[in-house]
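Below: the structure, in structure tokens.
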Amino acid sequence: FPLVEIHEIIHVFGLGHIYDDNKKIMYPILFRIKSCEIDSIDENTNNCLKNIYSDNKLEGNCSDLEMYPWPEENYFLDDFKWDKLPVTYSISNCVDKQKNYLQKAERILENFSGYELYEFSLDEENSQVNFYCANSTDESLLNFEADSWSESNYFVAAQPNFVFEDETIKKVKITLFSQNKECGGIELHELLHGLGLRNHYGYWMFYEESLCLDDGVIDRESISKIKEIYGLE
Ligand SMILES: [Zn+2]
Ligand SMILES: [Zn+2]
């Protein structure tokens with residue numbers, strides 16, 4: 001199915017992106033669209049096009065779609081700060097191996113930084129950061145903050161979601177998709193996201209991809225950024 005071509009042609013006709021459904025053709029391509037699952041134009045988009053290009057003779061409306069000029073998308077994200085350390089985190093629906101990897105990653109991060117950054121909690125509801133293990137990406141709305149194992153879109157390892165209330169961080173929900181990976185790997189990276197880094201610093205992600213080494217590897221730039229945000233050292 002010529003997904004990208006049709007997506008771009010529909011832009012030419014004036015329609016912008018749809019953000020709430022990654023199985024629709026106008027979901028932003030950069031946001032990990034479910035490309036293999038799309039083989040048609042959804043009814044909403046189709047009816048809108050028919051309506052506006054038939055001078056309203058054909059039924060349909062565009063009221064819940066973005067029409068040109070559509071809002072600009074901003075890919076730079078503001079980092080955030082929790083009011084105090086350590087930040088509490090909980091783990092849901094994960095096998096023991098994955099739980100151990102997360103706790104190992106926490107120790108590595110704390111040894112490396114010299115601060116108690118995280119505290120494990122059994123309270124999934126009220127913990128500040130919650131890790132949730134999913135078996136596949138089917139039920140997840142992936143976006144451009146999804147972390148993949150490679151440049152390809154098809155091996156998504158984790159999806160962090162940040163919940164703000166009046167610009168204050170309230171909760172970070174991180175879905176992990178590959179909990180059976182040998183050595184783990186995405187845990188250090190996601191723990192850094194959970195502390196407030198929404199952007200990637202330095203060679204972050206190239207280095208922190210494996211817990212095979214006992215002490216792991218963390219890019220200095222990410223740790224410096226964490227220290228800067230929390231005024232440590
Ligand atoms: Zn587009
Ligand atoms: Zn990331």
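Throughout, residue positions are numbered sequentially from 1 according to the sequence presented. Start at 1 and go down the list; that is how both ligands and their atoms are numbered.
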- [ ] Around the Zn ion (ligand 1), list the protein N/O/S atoms within a radius below 2.8 Å, excluding water molecules.
- [x] His7 NE2, His11 NE2, His17 NE2
- [ ] Inspect the contact between Glu110 and Arg107 and indicate whether a charged nitrogen and a carboxylate oxygen are less than 4.0 angstrom apart.
- [x] no
Task: OH/Tyr75: more than 12 non-hydrogen atoms of other groups inside 6.0 Å - done: yes
TODO: Only pairs at least two apart or in different chains count here, so list each side chain to side chain donor-acceptor pair (under 3.5 Å) that has a residue in residues 164-174.
DONE: none
Task: Proximal heteroatom of His200 relative to the Zn ion (ligand 2) (N/O/S) - done: NE2
TODO: Tell me which N, O or S atom of His193 sits nearest to the Zn ion (ligand 2).
DONE: NE2
Open item on the list: Tell me every residue that passes ring pair (Phe, Tyr, Trp, His ring centres under 6.0 Å) with Tyr115, counting only those two or more places apart in sequence or in another chain.
Closed with: none
Open item on the list: Give me each pair satisfying ring-ring contact (aromatic ring centres under 6.0 Å, His included) with a member in residues 120-139, each pair once, sequence neighbours excluded.
Closed with: Tyr89-Phe120
Open item on the list: Taking backbone and side chain together, does Asp147 place any N/O/S atom at a distance below 2.8 Å from the Zn ion (ligand 2)?
Closed with: yes
- [ ] State, without any angle test, whether Asn51 and Asn61 hold a side-chain donor-acceptor pair at a distance under 3.5 Å.
- [x] no
Open item on the list: Below 30° counts as parallel, above 60° as perpendicular, anything between as tilted: where do the rings of His11 and Trp70 land?
Closed with: tilted
